[in-house]
Amino acid sequence: MRHYIKKAALVSGMLMTLTSACSSAKEQAAPADPTTPSGATQVTDVVAVGSDLRIGLSTDKSVYSPGMTVAFTASEAAPGAMVRYRKGATVVKEEPMTSATWTWTPPADDFQGYLIDIYRADAEGKSETVFGTIAVDVSSDWTRFPRYGFVADFDSGKLADGVIEAEMDFLKRCHINGVQFQDWHYKHHWPMPGTRGEVLESYTDIANRTLSAEAVRRYIGVQHSMGMKSIFYNLCFGALDDAGADGVKQEWYAFHNRQRSDRDRHSLPSSWKSDIFVLDPGNPEWQAYLAERNDEVYAAFDFDGYQIDQLGNRGDLYDWDGNAINLPKGYASFIDAMKKAHPDRRLVMNAVSSYGASMIAGSGKVDFCYNELWGDEADFSHLHSVIKANDTYSDHGLKTVFAAYMNYDKAGRETGFMNTPGVIMTDAVMMALGGSHLELGDHMLSREYFPAAPLDMTDELHTAMIRYYDFMTAYQNLLRGTTTRDEYESDIACADASKKLSFNAWPPQKGGITSYARRDGARRVVHLLNFRNIDNLSWRDLDGTRSAPRLTRDTPLTMTVDGKVSRIWTASPDRNGGAPEELAFSQEGDRISFTLPSLLYWSMIVVE
């Protein structure tokens, strides 16, 4: 749901793009080492996420189908360095780095994540310096591992040379594979600007912003060239006050009483086009009407699918004949009608505060679960509850994407920057649980009215997003290839009482280190989430005041395992660009002991 902002003034003056963020991203300089490329550093623990890498890497697409060749570009060459391609901690291929540009054809296996790193070993081969890392996703269907972004500003200024390309380059670097187009449309009941035969090249949206149809087309074209899917947004039951003139019938609306005297409406600022009046999503005639409007959209714009929205629990509603309306049942009916009308297009539907989630996910017609979270699902523990419920509703078949607005109160009262620790902590938990976060677009999202951009990313957060999305992509098989039915409670503990570290299994506790574990075949994957120095357990960080957790180094750990262990390795988006590190260990019976090099926000431990 988008509870459209009641103050239209918030919209103006807040729009920005990632172009400036991309061009201004800076990292602290490290002491030069004459044996390494300019600016490279030896691997160390750092509090500023991502500042330990000095070579930037990019690929030509956000995702690759099996058999496609990946083209890499490095910010600089590293003579004498090696390029290593890994699936998990297993090396798939290794070759010398001979140029700042090169290609690689991954194995033909579908739905696989890989991590590529540039490194050099010391003369004795006892240590390595990692200069840069990047992930590669080989998947024939983006909805297996959805990484959802958005765009929300389509004015003619976006047609200037390189603007859209620069915005989408950042999304590509973060491996975003689907993009939601918010507030791109003309009217909710008539999304097409103009008609099938005559597109309005300049038109206004619900907030009376002037938009460019060519900007919409350009976004779609650039996204497709980068391997992304383009998904258009619209409500499942919205009509403006002039809908009657466009063929919408009074008999289709939803009312607050059986006397039809009070149509349900969602109020908007008086400066906008209209309030939004609510229809019965299960009404077959309304479904046919909107399916025809969508047909016009698909004919004029090369969208890949439809992001369906709702407005949450509307209370008691009645149709024209005085019958009670069951909105969740209507959602399932609406989804089915949209799929029948356009079977080759993808569908996603918002479950606002989980309202209607069981009917949406259980419809069998949506491609992943999309949950917009509000104050009634504000705790970190709710993130797990939502994923677990979605797993159940979809018979463990669909992944979860969270529309979750960070620093919400701060964004409502001021301009400035997102609180970096708050965003990173929330992303760490979402990703460790197997979900992903709708947050990256033509700016970073902090409000439900997507065009508003009051808060920018700090340089550290900009870099951290690259590291975290690399991590989620490279290790997608471990993070998202299992479901909540594979969970177990790990008994991991610190072997050194003098460190005074408190470990607990999920859910999180203030001041402690929380473990969340899943089985992946014979492997055990344990995530450590650091809530030390964190005094509240809400993911929202409403005022942007969350502090970074306290870094721990060289922590001796023990845990119980099944059978003989052959290998233990760890990886973290906060360290070494997510590159895996094999750990020495000892085993006595069913107990293993090893030392974790560091834990800032999130570290993953894999026991094989």
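- Ion pairing between Asp155 and Arg209 fails under the 4.0 Å rule for side-chain N and carboxylate O.
- Annotation: cation-pi pair Arg173/Tyr469 absent, no NZ/CZ under 6.0 Å from the ring centroid and within 45° of its normal.
- Judged by distance alone, the side chain of Lys93 and the main-chain N or O of Arg84 form no donor-acceptor pair under 3.5 Å.
- For the residue pair Glu460/Thr420, the side-chain donor-acceptor check at 3.5 Å is not satisfied.
- At a cut-off of 3.5 Å, with distance as the only test, a side-chain donor of His342 or Asp295 sits close to an acceptor on the other residue.
- Side-chain atoms of Ser446 and Asn407 include no donor-acceptor pair closer than 3.5 Å.
- A donor and an acceptor atom, one from each side chain of Tyr331 and Gln310, are located under 3.5 Å apart.
- Judged by distance alone, the side chains of Asp137 and Thr473 never bring a donor and an acceptor atom under 3.5 Å apart.
- Of the N and O atoms on the side chains of Glu167 and Tyr219, at least one donor lies less than 3.5 Å from an acceptor on the other residue.
- There is no side-chain donor-acceptor pair under 3.5 Å between Tyr306 and Asn234.
- The six-membered or imidazole ring of Phe450 lies near that of Phe150, with a centre-to-centre distance under 6.0 Å.
- Between the side chains of Ser353 and Glu377, no donor N or O sits under 3.5 Å from an acceptor N or O.
- Tyr405 and Glu372 share a side-chain donor-acceptor pair at under 3.5 Å.
- The closest side-chain donor-acceptor pair between Thr195 and Glu296, if any, does not fall under 3.5 angstrom.
- Side-chain polar atoms of Thr69 and Thr105 form a donor-acceptor pair below 3.5 angstrom.
- Checked against ring pair (Phe, Tyr, Trp, His ring centres under 6.0 Å), Trp184 has the following partners two or more places apart in sequence or in another chain: Phe232, Phe301, Phe303.
- Residues Trp104 and Tyr85 bring their aromatic ring centres within 6.0 Å.
- Under 3.5 Å, the side chains of Asp470 and His175 contain a donor-acceptor pair of N or O atoms.
- By the 4.5 Å heavy-atom criterion applied to side chains, Asp336 and Lys365 are counted as neighbours.
- Thr101 and Thr73 form no side-chain donor-acceptor contact under 3.5 Å, judged by distance and modelled atom types alone.
- For the atom pair Leu171 CG and Ile176 CD1, the distance stands at 5.5 Å (nearest 0.5 Å).
- Side-chain contact check for Thr484 and Asp391: at least one donor-acceptor pair (N or O, by modelled atom type) lies under 3.5 Å.
- The aromatic ring centres of Phe334 and Trp286 sit 6.0 Å or more apart.
- In the displayed structure, Lys229 atom NZ is contacted under 6.0 Å by at most 12 heavy atoms of other residues, nucleotides or ligands.
- How far CE of Met457 is from CZ of Phe170: 4.0 Å, rounded to the nearest 0.5 Å.
- With Phe131 as the aromatic partner, Arg54 does not meet the cation-pi criteria of under 6.0 angstrom to the ring centre and within 45 degrees of the ring axis.
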